[in-house]
Structures are given as C-alpha cells and as structure tokens.
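Read the numbers this way: they start at 1 and go in the same order the structure lists the ligands and their atoms. Because only heavy atoms are used, hydrogens play no part in the values below, and waters and symmetry mates are left out as well, while side chains stay in.
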Amino acid sequence: MIKLGVNVDHVATLRQARLIKEPDPVEAAVWAEHAGADGITVHLREDTRHIQRRDVSLLKEILKTKLNLEMSVNREVVDFACDIKPYMATLVPEKREELTTEGGLDVKGNEKEVSEAAERLINKNVKVSLFIDPDIQQIKSAKNLDVNIVELHTGSYAEAENDEKIVSELQKLIEAAAFARDSGMVVNAGHGLNYRNTKKLCRNIPFLNELNIGHSIVARSVFSGISEAVREMKRLITE
Ligand code: PXP
C-alpha cells in the first residue's frame, strides 16, 4: 500500500505570519498521526520562513511514525540534520526567492555537494532521498552516488492544464518510476498533489512507496474545520 507522508510546513507558515506559538506544526503532526499519516515531512528552509529548528527537534523526539526532513545541501543545515538524525533526509534544491521548491535537484550538476551531504547523513544512519524531476538521467546520477531512494517531482503533472498534458506528464512519471524501481530504488513522489490528481497517480504507479503531500491537506483542513471553529466561538460569545 502506498504510504502517506503529511507535510505540515504550512501550519508553520500560518504561525510565522503572527510570530506567535500557534498553530503549532508539531501539534498538527500529532493530529496527522492520529488520523493515519505514515510519516511527517517538514522542510527546514535556510531562511526558516516556516519550519524552525525547534520544530524539527521536537518532532524527532515525539513522533511515533517517521520524520522526513527536506533540506538543501547547505553545510549548516546538514550539520543540524546530522545532529538531529531524522529517519530520512530528502535533499532538495533551494532558492531564496521561490515560493516553493520549484524544480528537482540537478544531481549531476551538483554532484560534489550532493554526494558530500548524502555521505555525511548516511554515516549518521540517516536514510537519504533525492528529490528529482522524472528524468532518467537524474535517476542514473542518483544511483551513481549510491543513493537508493528518490522522490519524483510531481509538480508538472499537478499543474498540467489539459488532458493531453496530464497524460504526457503522467507518462513521464510512470517511466521514471519504473526505471528507478528496476534499478533497485525506493520510489516516492510529491509536490502539488491534491484531492483531484492523487488517485490517478496511485492507480497508474501502484508500486510507489510514499507520497508526500502538504499544501492541499492543510488547505482542506481549514474548510473541514472552520464550521466547528466558528460555532465554538459563537457559543463562547453568547453564553
Ligand atoms: N515533496 C517535496 C520534496 C517538497 O519540497 C514539497 C513541498 O515542500 C512537497 C513534497 C509537498 O508539496 P505540497 O505542499 O505541494 O503538497
């Protein structure tokens, strides 16, 4: 069965908008675990715009499932990850100006930095995954570095605007996933997956190990929870 890693970054985005203590992504992670999440994913960006180091430390301490830390190959971030030792580290490219991770990691173009970071993490018994576009060359480069887990970037599939584009982006994911699996790798996927496009992906690539999904789940939870939240406040005011 395909596992679900819930990304709670955007609970932290809301907290950071006020620079106060709530909503706490750590608390959100606990609720996600209660609801059946197989793991929790957070992206500790270099600019700490949402997830803070404190969140990662606490998550590592309290999670009953697995912590997947998304991170760049920045030396200080790697130092921190080597210290915290999450279950897995997913190496992603990072640009300061971007709204979210824009493309997959160029493994070949950054071979030295990626292999150094991967080696340091693996030496600390942290599993390493590389977030890459569904591209056979990138998978081969990951394999050359002795990394055996990849997360395929599903952003282009998720953003495809018509049926023809959806089919072609899905086909790229199917071929890349099959190639990675046949090369002996564990294949995860994520980015932009939502309540409309996830089922099709699962049906077409049933051997995926795990999907990492964040924004759509946090967005949906606003609407699935807002009625009760308003009722509760109304009760307080009228009592
Ligand atoms: N996987 C990776 C590597 C990511 O960088 C992100 C976004 O932080 C996700 C999955 C989750 O993407 P989304 O929030 O669009 O579901």
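- With distances taken over non-hydrogen atoms, the option nearest atom 12 (O) of ligand 1 out of M71, H50, H191, E94 is H191.
- Considering only non-hydrogen protein atoms, atom 1 (N) of ligand 1 sits nearest to E151 OE2, 2.5 Å.
- Counting heavy atoms of neighbouring residues, nucleotides and ligands inside a 6.0 Å radius, atom CZ of R54 exceeds 12 of them.
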Check step by step if side chain to side chain contact (heavy atoms under 4.5 Å, CB included) holds for R15 and D55. CA-CA 12 Å; R15 174 191 62 190; D55 303 328; 2.7 Å; yes
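- Heavy atoms from other residues, nucleotides or ligands lying under 6.0 Å from CD1 of I226 number 12 at most.
- Ranking the protein heavy atoms by distance from atom 14 (O) of ligand 1 puts H215 N, 2.9 Å first.
- Among protein heavy atoms, atom 11 (C) of ligand 1 sits closest to N212 O, 3.8 Å.
- At a 4.0 Å heavy-atom cut-off, ligand 1 touches D9 through the side chain alone.
- Of all protein heavy atoms, the one closest to atom 15 (O) of ligand 1 is G192 N, 2.8 Å.
- By the side chain to side chain donor-acceptor pair (under 3.5 Å) test, H153 is found to be paired with no residue, residues two or more places apart in sequence or in another chain being considered.
- For the residue pair T41 / N7, no side-chain donor-acceptor distance below 3.5 Å is found, with atom types taken as modelled.
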Please determine whether side chain to side chain contact (heavy atoms under 4.5 Å, CB included) holds for the pair R120 and E116, giving the CA-CA distance in whole Å, both sets of side-chain angles, and the decisive distance to 0.1 Å. CA-CA 6 Å; R120 287 186 62 200; E116 274 174 16; 5.6 Å; no
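- Near G214, the atoms of ligand 1 lying under 4.0 angstrom from a non-hydrogen atom of the residue are 13 (P), 14 (O), 16 (O).
- Of the protein's non-hydrogen atoms, the one nearest atom 8 (O) of ligand 1 is E70 OE1, 3.3 Å.
- Listed by number with element, the atoms of ligand 1 under 4.0 angstrom from any heavy atom of V92 are 3 (C).
- Atoms of ligand 1 lying under 4.0 Å from at least one heavy atom of I213, given by number and element, are 16 (O).
- Atom CG of L152 and atom CE of M185 lie 9.5 Å apart (nearest 0.5 Å).
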